[in-house]
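For reference, the structure is listed below as structure tokens.
Counting starts at 1 for both ligands and their atoms, in listed order. Residues take their numbers from the sequence shown, with the count starting at 1. Just so it is clear, the values below take in all heavy atoms, side chains as well, and ignore hydrogens, waters and symmetry mates.
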Amino acid sequence: MRLLVTGGAGFIGAVTVRRLCEAGHEPIVLDDLSAGHREAVAGMELVVGDFGERALLRDLLGSKKIDAVVHFAASSLVGESVQRPGEYYRNNLERSLALLDVLRERGVMRLVLSSTAAVYGEPVVIPMDEEHPTRPTNPYGETKLALEKALRWYHAAYGFASVSLRYFNAAGASADGSLGEVHDPETHLVPNVLRAALTDDPVPVFGTDYATHDGTAVRDYVHVEDLADGHVRALESLERMGGASVLNLGNGAGFSVLQVIEAARRITGKPIPIRKASRRPGDPESLVASSGRARREIGWTPRFPGLESILETAWRFARTHPHGYRS
Ligand SMILES: NC(=O)c1ccc[n+]([C@@H]2O[C@H](COP(=O)([O-])OP(=O)(O)OC[C@H]3O[C@@H](n4cnc5c(N)ncnc54)[C@H](O)[C@@H]3O)[C@@H](O)[C@H]2O)c1
């Protein structure tokens, strides 16, 4: 398939673009490089621009025959979304609606969306399946949920087919360690722990008084290579599935912050000092996915469910890219 991949120069996007090529697809990346990296898509077709710009989209879709879209591009910092909700509604919702309008206009009726576990809000039961109540606790989760709902109505009105993939905590790096996570600011645990391994600066542990086995928050870390595989499968199943589906992509196993740090100490051989800090507002105690529906619907199961492969690949990337892609 000829694919338009918005946000393909970002962390999950770049690993997926590579995997899409390996699966025989032809991705064209559309990214404004606000958080993405040109180096991460070296050798790929890259259009630098805003995915919500109608004229650019009309040009692109007019000159290339596109079969489907993979929509990664978004603003995705939870804390920032609380401080600047308007930006999140504009980037994640308003621009996405512009994209959907132009796609429909040009007859491109298939899309895979990067959604998130943040659509669920505070967990009511663990593990969480797709029937879990959706009550986001921040604008980031709200905008993704609103877009999922829009996709449902676009299917009802126009037959637009979509799959929204609700990822849990994406982590790890490409198997060869060449593509990894570089965000500024970096809010994710794994890259921050590995940075601490490189610098010896203490890594903050937010919340040590949760009712978990060691007092720290538990999360479901899913390997970015498994996410990439989930996208290939979702795309290839879109036509058969039709509709507007939602699927969790998670590991099904929860690991605490201290377990991640302990595993990182083993893998890096570094002491990794920690600094205990208070809980961050809105950080639930535990988030763990049930991904049974993804297994049934698209035959997806994580191939790298353990912490080791996540940390080994992320460490390979961190060690060889101490200053991100520009090192
Ligand atoms: N990383 C995670 O743990 C995680 C978890 C759940 C969901 N997600 C979702 O997955 C997607 C990818 O996440 P990521 O961690 O790779 O993020 P990322 O920030 O690395 O990638 C997002 C990409 O989108 C681009 N972008 C943003 N706004 C744009 C615009 N208006 N026009 C063109 N390009 C634009 C950025 O430059 C960046 O390359 C996001 O939609 C995110 O919400 C991520």
Side-chain angles (χ1 to χ4, degrees), residues 4-18 28-41 44 46-54 56-57 60 69-78 80-81 87-99 111-120 136 138-148 164-174 179-192 219-228 230-231 234 246-251 287 289 310 314 317 324-325:
L4 180 66
V5 184
T6 74
F11 167 43
I12 307 167
V15 177
T16 304
V17 163
R18 188 185 279 180
I28 300 170
V29 173
L30 172 59
D31 198 302
D32 66 1
L33 302 180
S34 55
H37 309 275
R38 194 182 281 279
E39 297 83 347
V41 284
M44 303 288 162
L46 167 68
V47 177
V48 178
D50 185 334
F51 76 83
E53 211 183 285
R54 289 170 196 261
L56 170 70
L57 287 170
L60 245 172
V69 174
V70 190
H71 186 28
F72 289 103
S75 304
S76 49
L77 298 173
V78 168
E80 184 182 73
S81 80
E87 278 177 33
Y88 277 68
Y89 275 86
R90 262 185 296 283
N91 206 29
N92 296 356
L93 192 55
E94 191 180 315
R95 290 195 173 100
S96 294
L97 293 177
L99 170 68
L111 180 137
V112 176
L113 171 69
S114 295
S115 188
T116 167
V119 300
Y120 294 119
N138 51 65
Y140 167 60
E142 287 285 6
T143 57
K144 291 283 184 172
L145 184 60
L147 185 53
E148 283 190 7
S164 297
L165 299 175
R166 294 175 175 168
Y167 329 144
F168 281 61
N169 286 47
S174 64
L179 297 174
E181 190 163 9
V182 183
H183 293 127
D184 183 18
E186 187 56 80
T187 58
H188 294 152
L189 180 66
V190 169
N192 283 333
R219 292 290 177 272
D220 181 317
Y221 296 93
V222 54
H223 200 294
V224 65
E225 289 279 12
D226 283 326
L227 290 180
H231 285 79
V246 295
L247 298 176
N248 281 346
L249 293 184
N251 212 326
L287 289 174
I310 285 178
F317 177 78
Y325 282 105

Close N or O approach (Ala73, ligand 1; < 3.5 Å): no
Separation of Glu94 CD from Leu97 CG (nearest 0.5 Å): 8.0 Å
If we only count heavy atoms from C-beta on, is the Arg18 to Ser174 side-chain gap below 4.5 Å? yes
Angle class for the Phe51/His71 ring planes (parallel below 30°, perpendicular above 60°, tilted otherwise)? perpendicular
Distance-only donor-acceptor check, side chains Tyr89 and Glu142, under 3.5 Å: no
Taking 4.0 Å as the limit for heavy-atom contacts, which would you say applies to Lys144 with ligand 1: side chain only, backbone only, both, or neither? side chain
Taking the side chain from Asn251 and the backbone from Asp220, do they hold a donor-acceptor pair closer than 3.5 Å? no
Return the closest protein heavy atom for atom 2 (C) of ligand 1 as residue, atom name and distance. Ala170 CB, 3.6 Å
So, does Asn92 use its side chain to make a donor-acceptor pair with the main chain of Thr143 at under 3.5 Å? no
Can you pull out the closest protein heavy atom to atom 37 (O) of ligand 1? Residue, atom name and distance to 0.1 Å, please. Asp31 OD1, 2.7 Å
Of the choices Tyr140, Tyr221, Phe72, which has the non-hydrogen atom that lies closest to atom 9 (C) of ligand 1? Tyr140
Taking atom 16 (O) of ligand 1 as the reference point, the nearest protein heavy atom with its distance: Ile12 N, 2.9 Å
Report the C-alpha separation of Tyr88 and Glu80 in whole Å, then their side-chain angles, then the decisive distance to 0.1 Å, and conclude whether the side-chain contact (heavy atoms from CB on, under 4.5 Å) test is met. CA-CA 9 Å; Tyr88 277 68; Glu80 184 182 73; 2.5 Å; yes
Looking at non-hydrogen atoms alone, which of Gly10, Ser96, Gly36 comes nearest to atom 21 (O) of ligand 1? Gly10
Verify side-chain contact (heavy atoms from CB on, under 4.5 Å) between Leu227 and Thr16, making sure each step is shown before the conclusion. CA-CA 8 Å; Leu227 290 180; Thr16 304; 5.5 Å; no
The protein heavy atom nearest to atom 22 (C) of ligand 1 is Ala74 O, 4.2 Å
Ignoring hydrogens and geometry, is there a side-chain-to-backbone donor-acceptor pair from Tyr325 to Gly180 under 3.5 Å? yes
Using a strict cut-off of 4.0 Å, indicate which atoms of ligand 1 neighbour a heavy atom of Gly7. 23 (C), 24 (O), 25 (C)
Heavy-atom nearest neighbour of atom 8 (N) of ligand 1 within options Phe51, Tyr167, Phe11: Tyr167
May I ask you to decide if the ring planes of His231 and Phe72 are parallel, tilted or perpendicular, using 30° and 60° as cut-offs? tilted
For ligand 1, which atoms sit closer than 4.0 Å to a heavy atom of Leu33? 37 (O)
So, is Ser34 polar-close to ligand 1, with some N/O to N/O distance under 3.5 Å? yes
Atoms in ligand 1 with a heavy atom of Ser76 nearer than 4.0 Å: 42 (C), 43 (O)
With a cut-off of 4.0 Å, which atoms of ligand 1 are near a heavy atom of Ala9? 39 (O)
Region of Arg166 engaging ligand 1 - heavy atom pairs below 4.0 Å: neither
Would His183 count as being in polar contact with ligand 1, using the rule that some N or O on each side must be under 3.5 angstrom apart? yes
Verify side-chain contact (heavy atoms from CB on, under 4.5 Å) between Val224 and Phe11, making sure each step is shown before the conclusion. CA-CA 8 Å; Val224 65; Phe11 167 43; 3.9 Å; yes
Any donor-acceptor pair under 3.5 Å linking the side-chain atoms of Ser115 with those of Glu148? yes
Is it the side chain, the backbone, both or neither of Ser115 that has a heavy atom closer than 4.0 Å to ligand 1? backbone
Within the 4.0 Å heavy-atom cut-off, what His37 brings close to ligand 1 is neither
Backbone N/O of Glu186 and side chain of Asn192: donor-acceptor pair under 3.5 Å: yes
Check: Glu181 N/O within less than 3.5 Å of ligand 1 N/O: no
Any heavy atom of Asn91 under 4.0 Å from ligand 1? The part involved is side chain
Provide the number and element of each atom of ligand 1 under 4.0 Å from a heavy atom of Gly49. 32 (N), 33 (C)
Determine whether the side chains of Tyr167 and Ser114 contain a donor N or O and an acceptor N or O closer than 3.5 Å. yes
Geometric N/O contact His188 with ligand 1, under 3.5 angstrom: no
Which bit of Phe168 is near ligand 1, meaning a heavy atom under 4.0 Å away: side chain, backbone, both or neither? backbone
Taking atom 26 (N) of ligand 1 as the reference point, the nearest protein heavy atom with its distance: Asp32 OD1, 3.6 Å
